[in-house]
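These notes are about the structure you will find just below.
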Amino acid sequence: MLFVTGPLYSGKRTFSQKFGGRQICDVQNLAANATDLEKLADELAAYDVVIATEIGGGIVPIDPAERAAREAAGRLACLLAARASCVVEMFCGLSTVLKGELPKC
């Protein structure tokens with residue numbers, strides 16, 4: 001599984017399109033309501049490409065539910081990175097391989 005992460009509008013989807021296969025994006029939104037992040041990570045790891053938006057930077061929300069959602073999203077990203085054969089961070093349209101090697105396009 002290829003795990004692609006980075007901030008909003010950083011080019012994650014455009015970058016990921018060239019790899020094809022089963023893809024899922026915005027998985028950080030699934031973490032907020034998940035009762036078992038390990039199980040969710042296992043289910044998502046069945047995809048060829050998993051895309052998550054980094055939401056942990058910036059101002060910490062006042063609302064406890066929003067803080068919990070951010071925490072869950074960060075923990076899910078860690079679990080996905082551990083399961084991935086390749087982890088890529090996107091920033092300003094530039095890809096940086098953090099783990100493994102990119103699959104052939």
Side-chain angles (χ1 to χ4, degrees):
M1 179 254 295
L2 170 62
F3 178 52
V4 182
T5 187
L8 281 171
Y9 311 113
S10 60
K12 297 181 297 293
R13 289 184 192 189
T14 302
F15 173 79
S16 299
Q17 286 175 348
K18 62 184 171 186
F19 296 102
R22 283 184 11 143
Q23 299 191 9
I24 186 168
C25 57
D26 294 329
V27 297
Q28 75 282 351
N29 296 330
L30 302 174
N33 298 322
T35 56
D36 186 349
L37 289 176
E38 291 275 352
K39 182 179 177 186
L40 176 59
D42 287 339
E43 291 170 4
L44 293 172
Y47 285 84
D48 298 307
V49 180
V50 178
I51 304 168
T53 298
E54 169 56 48
I55 59 172
I59 299 170
V60 177
I62 291 175
D63 180 25
E66 288 182 35
R67 285 197 308 273
R70 278 191 181 193
E71 177 71 21
R75 291 189 184 279
L76 178 61
C78 291
L79 294 169
L80 290 170
R83 287 163 172 74
S85 58
C86 181
V87 177
V88 176
E89 179 183 34
M90 293 295 299
F91 195 80
C92 297
L94 301 173
S95 61
T96 303
V97 176
L98 302 177
K99 175 184 172 183
E101 294 182 16
L102 287 174
K104 300 286 184 201
C105 297

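Heads up: numbering here begins at 1 and tracks the sequence. As a basis for the values below, the full set of heavy atoms in this structure was taken, side chains included, without hydrogen atoms, waters or symmetry mates. Just so it is clear, the structure is predicted and the values come from calculations on it, not from any experiment.
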Checklist entry - Roughly how far, to the nearest 0.5 Å, is the CZ atom of F15 from the CD1 atom of I51? => result 9.5 Å
Checklist entry - Got a donor-acceptor contact below 3.5 angstrom from the T14 side chain to the G11 backbone? => result no
Checklist outcome for this item: OG (S16) and CE (M90) are apart, to the nearest 0.5 Å, by 7.5 Å
Checklist entry - Who else is in Y9's hydrophobic cluster (ILVMFWY, side-chain heavy atoms under 4.5 Å, direct or via others)? => result L8
Item to check | Taking every non-hydrogen atom, the tightest pair across R83 and A45 | outcome: CD-CB, 4.1 Å
Checklist entry - What side chain to side chain donor-acceptor pair (under 3.5 Å) pairs are there with at least one residue in residues 95-105, not counting sequence neighbours? => result none
Item to check | Pairwise side chain to side chain donor-acceptor pair (under 3.5 Å) hits with a residue in residues 58-81, at least two apart | outcome: E71-R75
Checklist entry - Is L102 reachable from V49 through a run of hydrophobic residues whose side-chain heavy atoms are each under 4.5 Å from the next? => result yes
Checklist entry - Out of curiosity, E89 CD to K12 NZ, how far, rounded to the nearest 0.5 Å? => result 10.5 Å
Checklist outcome for this item: The salt bridge (charged side-chain N to carboxylate O under 4.0 Å, His left out) partners of D48 (sequence neighbours excluded) come to none
Item to check | side chain to side chain donor-acceptor pair (under 3.5 Å) contacts in which one or both residues fall within residues 17-35, not counting sequence neighbours | outcome: R13-D26
Checklist outcome for this item: Tracing side-chain contacts under 4.5 Å among Ile, Leu, Val, Met, Phe, Trp and Tyr outward from M1 reaches F3, I24, V27, L30, L37, L40, L44, Y47, V50, L76, L79, L80, V87, L98
